[in-house]
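Okay, so here's the structure we're looking at.
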Amino acid sequence: MRDARAAVSRAVSGEVGIVVLDVMMPRVDGLEILRSIRAKSTVPILMLTARGEDADRIRGLELGADDYVPKPCTHGYWRRAYGRYFVALCRLHRHRGCQRHQRRRLSVWPARRVAEWSGKSLDLTSTEFNLLEALARDAGRPVTKEALSAQALGRPLGRFDRSIGVHVSSIRRKLVAAGSRNELIETVHGIGYELICAAPSGGA
């Protein structure tokens, strides 16, 4: 986002899984944005810093950043490796953030077969609940369609089977109706789906 105030507002809304913050931005102090976000939210924050900016890295970590990534990385092989490292780092911190961030969260109670968004009960079918439970169990990590079919439908995924996608779309609509954002369940192309964040499932 170009507007710092809007970026901070979005970051602390509870609807963002991770924040990637460039420390060096024109007309905006990245560390001040970091301070503003951390004062209101525990969302994971990764800093982008140029090589040699050790003071900024240390200051950022002191202000509450979770980690930093150096820039730039321009050489062919290292650029590809850097991209994989960056994605892996984002997934790691987003998963950790899912475990600690408790505001406006999805809650699932398997024993009671009850799911809520911000305290509002979700009217799910049995299959939809099974799917949501499977996704919540691995919140912050992709779950394959094959695994979802086995756990939620009790059968292997057929070659042209689109039922998982249909059920996921229905869950998304019900979450949005309860006040969630549509991207809470992300499509991971070529793999399956990922629940961005959920409160730990209860046992009762």
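Just so you know, these numbers use all the heavy atoms, side chains as well, and skip hydrogens, waters and symmetry mates. Please read all numbers here as calculations on a predicted model, not as lab measurements.
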For the residue pair [X] and [Y], establish whether any side-chain heavy-atom pair is separated by less than 4.5 Å.
X: Ser163; Y: Arg155; answer: yes
X: Leu122; Y: Ile171; answer: no
X: Glu146; Y: Pro156; answer: no
X: Leu131; Y: Tyr193; answer: no
X: Leu34; Y: Met47; answer: yes
X: Glu186; Y: Ile196; answer: yes

Just by distance, do the side chain of [X] and the backbone of [Y] share a donor-acceptor pair under 3.5 Å?
X: Arg113; Y: Ser126; value: yes
X: Ser13; Y: Arg10; value: yes
X: Glu128; Y: Thr125; value: yes
X: Ser149; Y: Lys145; value: no

Value rounded to 0.5 Å, distance of [atom1] in [X] from [atom2] in [Y]:
X: Thr127; Y: Leu132; atom1: OG1; atom2: CG; answer: 12.5 Å
X: Leu135; Y: Arg141; atom1: CG; atom2: CZ; answer: 13.5 Å
X: Leu124; Y: Ser170; atom1: CG; atom2: OG; answer: 8.0 Å
X: Asp123; Y: Lys174; atom1: CG; atom2: NZ; answer: 5.5 Å

Test side-chain hydrogen bond (donor to acceptor under 3.5 Å, both in side chains) applied to Thr144 - qualifying residues, sequence neighbours left out: none
What are the two closest non-hydrogen atoms of [X] and [Y], and how far apart are they?
X: Glu116; Y: Ser121; answer: CG-CA, 3.9 Å
X: Arg59; Y: Arg35; answer: NH2-NH2, 3.4 Å
X: Gly30; Y: Leu21; answer: O-CD2, 3.2 Å
X: Phe129; Y: Trp109; answer: CZ-O, 3.7 Å
X: Ala134; Y: Gln151; answer: CB-OE1, 3.4 Å

Which residues share a side chain to side chain contact (heavy atoms under 4.5 Å, CB included) with Asp29, sequence neighbours left out: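 Asp29 satisfies side chain to side chain contact (heavy atoms under 4.5 Å, CB included) with Leu31, Glu32 only.
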Trace of the side chain to side chain contact (heavy atoms under 4.5 Å, CB included) decision for Val19 with Leu46: CA-CA 6 Å; Val19 173; Leu46 292 184; over 6 Å; no
Ser180 side chain to Arg172 side chain, donor-acceptor N/O pair below 3.5 angstrom: no
Ile191, Leu195, Leu148 screened by side-chain contact (heavy atoms from CB on, under 4.5 Å) with Val143, the one that passes: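 Considering Ile191, Leu195, Leu148, a side-chain contact (heavy atoms from CB on, under 4.5 Å) with Val143 is found only for Leu148.
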Arg162/Ile164 under side chain to side chain contact (heavy atoms under 4.5 Å, CB included): CA gap, chis, key distance, verdict: CA-CA 6 Å; Arg162 299 290 184 268; Ile164 294 296; over 6 Å; no
